[in-house]
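Presented below is the structure to which this report refers.
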There are 2 protein chains.
Amino acid sequence: MKRAFNVVQADLNQTLKPLDLRMVTYSALVLIVDNPGLRQSQLAEALDVERANLVVIIDELEGRDLITRDRVPTDRRAYALNPTLAGRRLYDRALEAVRGHERRILNGMDEEAKQAVIRAMSVIRRGSEGG
Amino acid sequence: MKRAFNVVQADLNQTLKPLDLRMVTYSALVLIVDNPGLRQSQLAEALDVERANLVVIIDELEGRDLITRDRVPTDRRAYALNPTLAGRRLYDRALEAVRGHERRILNGMDEEAKQAVIRAMSVIRRGSEGG
DNA sequence: TATTGTTATACTCTATAACTATA
DNA sequence: TATAGTTATAGAGTATAACAATA
């Protein structure tokens with residue numbers, strides 16, 4: 001499974017390289033476009049990344065003018081993350097590129113196997129820690 | 001897939017912790033017991049780890065007297081890796097522990113899904129890089 | 001010349017503690 | 001007092017270059 005994941009990640013990163021995105025920055029951008037107004041702590045939890053480590057990821061996306069950090073009026077501690085037009089455009093291009101990546105990776109599996117994998121991945125949950 | 005792998009790895013490492021093994025050291029031990037006489041460079045390739053990084057892994061196993069580094073008479077540059085009796089005993093215990101881990105992880109998947117995942121993982125190969 | 005094992009090193013990822021400004 | 005975001009830092013894991021011994 002580790003090796004399979006390494007192969008998938010390597011191919012995905014190669015796919016995203018022309019867009020100057022990595023797996024995390026891609027995932028973050030997708031979540032922000034799909035959930036505008038998201039807060040950093042919510043995004044950190046969704047990505048399963050420490051808040052502290054998310055900061056540099058967000059810094060990068062903001063520095064490239066792909067997203068903005070907007071103060072939340074009702075809670076001045078928090079930032080709402082919103083995509084810019086450039087962010088939405090890169091999102092579109094990235095999504096298309098990732099579709100090609102998925103075709104490459106899933107190539108050789110029949111439809112039944114693909115669905116089984118997707119189901120199986122979602123069955124594996126934190127709950128398995130508790131025995 | 002990343003999250004699923006993280007869950008699996010965390011559970012596996014917890015499982016191996018009482019035996020003072022991590023995922024890599026476990027994998028290395030298994031390969032050495034199953035292929036006695038293996039050379040470091042072969043093991044590095046099998047584990048998909050850089051030779052340089054394998055050194056410390058082998059150092060650890062050797063330091064705990066689980067394996068030995070034996071000079072190869074026909075090629076004095078190389079070391080043949082062989083398990084000690086203690087190494088074989090730990091291997092047995094580790095294998096049993098990992099069976100429990102697998103039961104936990106695969107729990108909740110029907111037999112068909114398990115087989116599909118195993119097949120799917122083995123379909124994903126370096127070949128997918130070449131398009 | 002090339003290869004095996006090794007050392008040193010740098011770079012990335014991840015985890016933790018402590019700070020600030022708000023609530 | 002607790003929370004959101006931030007900074008600094010330490011620890012893994014991984015990748016690369018260079019070296020000695022040997023082929």
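Keep in mind that this is a model prediction, so the values were computed, not measured. The chains referred to below are lettered A, B, ... by the order of the sequence lines, with proteins before strands, and numbering in each begins at 1.
For the contact set between residues 49-65 of chain B and DNA chain C, defined by any heavy atom under 4.0 Å, the members are B:Arg51, B:Ala52, B:Val55. Within residues 73-83 of chain B, the residues approaching DNA chain D are B:Asp75, B:Arg76, B:Arg77, by heavy-atom distance under 4.0 Å. Contact check of residues 22-47 of chain A against DNA chain C (heavy atom, cut-off under 4.0 Å) returns A:Arg22.
For D:dG13, neither phosphate oxygen OP1 nor OP2 lies less than 4.0 angstrom from any side-chain nitrogen or oxygen of A:Lys2.
A donor-acceptor pair under 3.5 Å is absent between the side-chain atoms of A:Asn53 and the main chain of A:Val49, judged by distance alone. Listed for the B:Asn13 side chain is a donor-acceptor partner under 3.5 Å among the backbone atoms of B:Met23. Side chain of B:Arg64 to main chain of B:Asp20: a donor-acceptor pair is present (N/O by atom type, distance under 3.5 Å, no hydrogens or angles).
Atom CD1 in A:Ile67 sits about 13 Å away from atom C1' in D:dG5, given to the nearest Å. Straight-line distance from the CG atom of A:Asn13 to the C1' atom of C:dT12: 12 Å, rounded to whole Å.
Contact check on A:Arg22 versus A:Glu60 returns a salt bridge, with a Lys/Arg side-chain nitrogen under 4.0 Å from an Asp/Glu carboxylate oxygen.
Nucleic acid contact for B:Arg71: none, since no nucleic acid atom lies under 4.0 Å from a heavy atom of the residue.
B:Leu85 and B:Leu21 fall into different hydrophobic clusters, where Ile, Leu, Val, Met, Phe, Trp and Tyr are joined by side-chain heavy atoms under 4.5 Å apart, directly or via other members. If you chain together hydrophobic residues whose side chains sit under 4.5 Å apart, B:Leu95 and B:Ile32 fall into the same group.
B:Tyr79 pairs with exactly one of B:Arg71, B:Glu62, B:Arg39 by the side chain to side chain donor-acceptor pair (under 3.5 Å) rule, that one being B:Arg71.
Using a 4.5 Å cut-off on side-chain heavy atoms (C-beta onward), A:Glu112 and B:Glu112 make contact.
Of the N and O atoms on the side chains of B:Arg89 and B:Thr84, not one donor lies less than 3.5 Å from an acceptor on the other residue.
Closest heavy-atom contact between A:Leu61 and A:Leu29: CD1-N, 4.2 Å.
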